[in-house]
Amino acid sequence: KCFNSGEWRDDLSTMPQGEHLQCGVGHEARFGEVLAGGPEQIALHPDRALVLMWPDYLGQGAFGLECLEAFEGETLLLVGEWQGRTYGGYMPGLGQHGQSFSQEFQAEVASLFVE
């Protein structure tokens, strides 16, 4: 099962029709079961790995950090841009930390996990 926060659902509903379908999240393009939920769901599954994909829209916010704080497991899988591995180094106006994870989240992960 996958869980998606209402915040993402609201953001996607404001996108022009078709733009979000390439992400595989449109009603016509679901790849699996996605249920509404957030960090509160993580504590219910302490024996599982945590997979986060672009939790902090535009690299801002605290959703990723809230998920990490609720996580007690050992395996963390992250999908998205990371400081030093981002288009931010090439594109004016994009942060050097990328658009997937906040700077605070990246600092916390670096202090808790080994790459």
Side-chain angles (χ1 to χ4, degrees):
K1 291 184 182 176
C2 299
F3 296 93
N4 193 9
S5 73
E7 181 180 325
W8 272 105
R9 199 170 43 252
D10 293 343
D11 286 344
L12 291 172
S13 68
T14 62
M15 294 176 82
Q17 182 63 23
E19 282 188 24
H20 62 283
L21 294 180
Q22 55 189 306
C23 302
V25 296
H27 296 292
E28 302 85 7
R30 292 194 180 180
F31 299 118
E33 181 180 18
V34 179
L35 305 173
E40 74 283 353
Q41 292 294 326
I42 295 168
L44 300 176
H45 307 282
D47 58 328
R48 298 183 183 173
L50 176 60
V51 179
L52 293 175
M53 300 176 204
W54 200 6
D56 299 321
Y57 185 67
L58 297 178
Q60 302 172 5
F63 186 78
L65 193 56
E66 291 170 11
C67 290
L68 187 61
E69 289 171 351
F71 182 58
E72 295 181 7
E74 297 178 9
T75 304
L76 178 66
L77 302 167
L78 304 174
V79 179
E81 293 180 303
W82 197 261
Q83 187 166 341
R85 298 175 184 99
T86 174
Y87 288 117
Y90 309 101
M91 301 292 293
L94 295 180
Q96 293 291 324
H97 66 284
Q99 299 183 72
S100 304
F101 306 97
S102 70
Q103 290 177 311
E104 296 81 9
F105 175 83
Q106 292 184 41
E108 188 68 9
V109 168
S111 74
L112 296 174
F113 291 87
V114 176
E115 184 176 346

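The two atoms that bring F71 and T75 nearest to each other are CZ-O, 3.2 Å, heavy atoms only. Here the closest non-hydrogen pair linking E81 and F101 is O-CD1, 3.2 Å. Of all non-hydrogen atoms in P39 and A70, the two that sit nearest each other are O-CB, 3.6 Å. In terms of heavy-atom proximity, H45 sits nearest to Q41 at CD2-O, 3.0 Å.
Distance CD/E108 to CD/Q103: 14.5 Å, rounded to 0.5 Å. Atom CG of residue L58 and atom OG of residue S100 lie 9.5 Å apart, to the nearest 0.5 angstrom. Of the inter-residue distances, the one linking E72 atom CD with I42 atom CD1 reads 10.5 Å to the nearest 0.5 angstrom. Here the CG-CE distance, from L77 to M53, works out to 8.5 Å after rounding to the nearest 0.5 Å.
At a threshold of 4.5 Å between side-chain heavy atoms, the hydrophobic network of Ile, Leu, Val, Met, Phe, Trp and Tyr places L76 and W82 in one connected group.
Taking the side chain as every heavy atom from C-beta outward, L52 and F105 approach each other to under 4.5 Å. Between L68 and F113 the shortest side-chain heavy-atom distance falls below 4.5 Å.
The backbone N or O of Q83 lies less than 3.5 Å from a partner atom in the side chain of Q106, making a donor-acceptor pair.
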